[in-house]
Every structure is written in C-alpha cells, then in structure tokens.
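Report on the structure given below.
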Amino acid sequence: MYQARFEFIGKLPVVLVETGLKSYAELVNRRLDELLPPVNQEPSRLHEAMRYTALAPGKRMRPLLVLLSAEAVGGTVACAIDAACAIEMIHSFSLIHDDLPCIDDDDLRRGRASCHIEFGEGLALLAGDALFAQAFSVVSEAGYSTEQLPPVMKEISAAVGTRGLVGGEVLDILSEGLEPSLHRLQDIHARKTGALFVAACAVGGILGRGTGPEVQALREFGRSLGLAFQIADDLLDETSSAAAMGKRPGSDRVKSKMTFPSLLGLEGAREAGRKASEASIQSLLGIPGPTTSLAHLAKLSAFREV
Ligand code: GRG
C-alpha cells in the first residue's frame, strides 16, 4: 500500500543543484543523523521512531533557511548548523503529531507510512515529544554565546507555542464548520507554517551576528515566504499526486478545509503565491550580504512541484 513511487529524492537535487543548495541539504542530513539518539541505545524503538520521520526525505526548507540566513548576514554554516537541525526536529515533531488519527489522520508522509502507522499511536506521540525535547537540548548544548542563546531559545519556543504551530493547529480545528474567511485562513497559516519559517530566518540572522535591522528584514522575508509556501502547499493538495508529494493529496477537500484555492480559486491562489514570493524577495533588499540563494528558495517555494 505504501510502496511509494515517491521520487522526491530524485527530484529535489535537480533543483538544489541548480541553486547550489544540494550540499547544504546533505550537510543537514549528516548532522541530523549525528544529533538524533542512536538506535543501539535504549529505548531503541523510540529512537527508531524519531529517526524514521526526522531522517525521511523532506525538503529541509527550514534548516536551509537557517543556514542561508546566517550566511546572508556574514555568518557561517558551522555557527548555525545545530540550530538548523533543531528546527528540523521540531518540524518533524509537528508532522508526526499532525498525522495522528486525533488530528489530521494521515497515513502517508514523506513517501512512507506515517510514524503512527509504522510504530503505533503511543510511540508516535512520544517520538514527537522526544524530538521536541531533543531540539532544545541540541540548541542548549551547541556552545552558543550568552548573547545568542536566550534570543535563539525565545524565537524557537515562540514559533511552537500558542502564537505558532500549536495555536495555528487549534485555530484550524476550531474553524471547522465556520464561515470561510481569508483573514482567518491567513492567521492560521501565519502560525502553523509562517511562524517556524520566521523563526528559522531570525535564528540564522542571530547566529550569523546580523544587526537588528538585518534580523528584522530576515523575519519579514520568512513571513512572506511562509505564506508563499503554504499557498503552494494548498495548490499542490488540489493538483498533485501522492507519488509526487509523498503525502496524500486532496485531503483538504475531503475534510472540507478552508484553503487558499477554495477561497480565491486556483488562479487567484497562484497570483497570491506569486505576490507573496515577490514580497519576500523585496525584503531581502535590506540585507547587504549574499541573498541569491534565499531568493532562489523563495521562487522555488511558490512554484514548487513537491
Ligand atoms: C507541538 C510542534 C507541535 C505541533 C502540534 C500538529 C500541530 C500542533 C501543528 C501542525 C503543524 C503543521 C503540520 C503545519 C503544516 C506545515 C507544512 C506546510 C508542512 C509541510 O512542510 P514541508 O512541505 O514538508 O516542508 P517536508 O516533508 O518537505 O519537510
């Protein structure tokens, strides 16, 4: 049932090679592997479940944003890699919980059976919790300076809590059956998707020792990019296939969810995605350093196929 013709790995490098980002994604995967608890330690089944989703083929958007944002303000990949992996762990945590039967009830993720299908609900829930804790443990042990650590912790925790992933998911659940509203939809996705994008960019800026205005410009970039990315996600849910995406398309429609295409139509949603992507690129004008790769990522997010 799940043997996916998921060609993600075969597809993404084409894009990443073009934009020079393949090596960054490989670096993230290698460091993630080192930072996740090994399967030869107990409780090994828990570690297997954590690694199963966190190391599965994904786009690694959020860690790439951390690394490229650090470079954009004059920092290095080395200074930001552990925080980049921590943010990917949090993203993986949210995917595991999102797929659970009590939330979105999805059986396919990243081209594989969802974590709870493979390991059972209890273990999947706990693997998510452990990834969350591991993320903060990684950041606290990364050797960041006393000026950097508190703002980095603040950015990441804010993106997860009520103003971020959890709050967005709750608003999403509670909006079922309500009158569709573009304002509410934007608020939900600013929290569910945008907040972690903003945090990734800000954390990269902080660790790269960017100035206040530079970090603020990166934040703006992440906000618009998150919107462009989510609009593309909604469009793909309407138009793509499980084989291409590695998750079940059409699920928004089945669950009668409010989406950008359902509110704006396919063409209207495409136009909104284009505008958000352009707005994100405009925000980069406030940054003197190398921003070409961030701009590529912005275009890729709006016009992606996976
Ligand atoms: C407590 C962190 C936490 C979560 C619980 C379930 C939940 C609350 C929030 C759901 C957040 C969620 C899954 C938002 C959707 C964001 C999104 C667009 C996910 C897909 O991201 P991609 O396309 O996935 O970057 P890959 O697999 O490529 O990494």
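We count ligands from 1, going down the list as the structure has it; atoms in each ligand are counted the same way. All values derive from a computational prediction rather than experimental measurement. In this chain, residues are counted from 1 in sequence order.
- Of the options Lys192, Gln230, Arg62, the smallest heavy-atom separation from atom 12 (C) of ligand 1 is shown by Lys192.
- A cation-pi contact links Arg62 to Phe229, judged by a cut-off of 6.0 Å to the six-membered ring centre and 45° from its axis.
- Ion pair Glu155/Arg219 flagged as a salt bridge, since at least one NZ, NE, NH1 or NH2 atom sits closer than 4.0 Å to an Asp/Glu carboxylate oxygen.
- Atom numbering of ligand 1 starts at 1 in the shown order; those under 4.0 Å from a heavy atom of Gly58 are 27 (O), 28 (O).
- Considering backbone and side-chain N/O atoms, His97 never comes within less than 3.5 Å of an N/O atom of ligand 1.
- With rounding to the nearest 0.5 angstrom, the CG atom of Asn40 is 9.5 Å from the NE2 atom of His47.
- Ligand 1 has an N or O atom lying under 3.5 Å from an N or O atom of Arg110, backbone or side chain.
- Between Gln230 and Thr193, the side chains place a donor N or O and an acceptor N or O closer than 3.5 Å (distance only, hydrogens not considered).
- Both the backbone and the side chain of Lys59 come within contact range of ligand 1, each with a heavy atom under 4.0 Å.
- Using a 4.0 Å cut-off between charged side-chain N and carboxylate O, Lys257 and Asp104 make a salt bridge.
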Q: Apply the test salt bridge (charged side-chain N to carboxylate O under 4.0 Å, His left out) to residues Arg31 and Glu34: give CA-CA distance (whole Å), side-chain angles for both, the deciding distance (0.1 Å), then the verdict.
A: CA-CA 5 Å; Arg31 188 65 183 141; Glu34 289 167 359; 2.6 Å; yes

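- Short contacts between ligand 1 and Leu165, defined as distances under 4.0 Å to a heavy atom of the residue, involve ligand atoms 2 (C), 9 (C), 11 (C).
- Looking at Thr193, Asp98, Ile188 and measuring to atom 16 (C) of ligand 1, the nearest heavy atom belongs to Thr193.
- Counting heavy atoms under 4.0 Å from ligand 1, residue Phe132 does not touch it at all.
- Under the side chain to side chain donor-acceptor pair (under 3.5 Å) criterion, Gln186 pairs with no residue at all, not counting sequence neighbours.
- For ligand 1, the atoms closer than 4.0 angstrom to any heavy atom of Phe93 are 1 (C), 2 (C), 3 (C).
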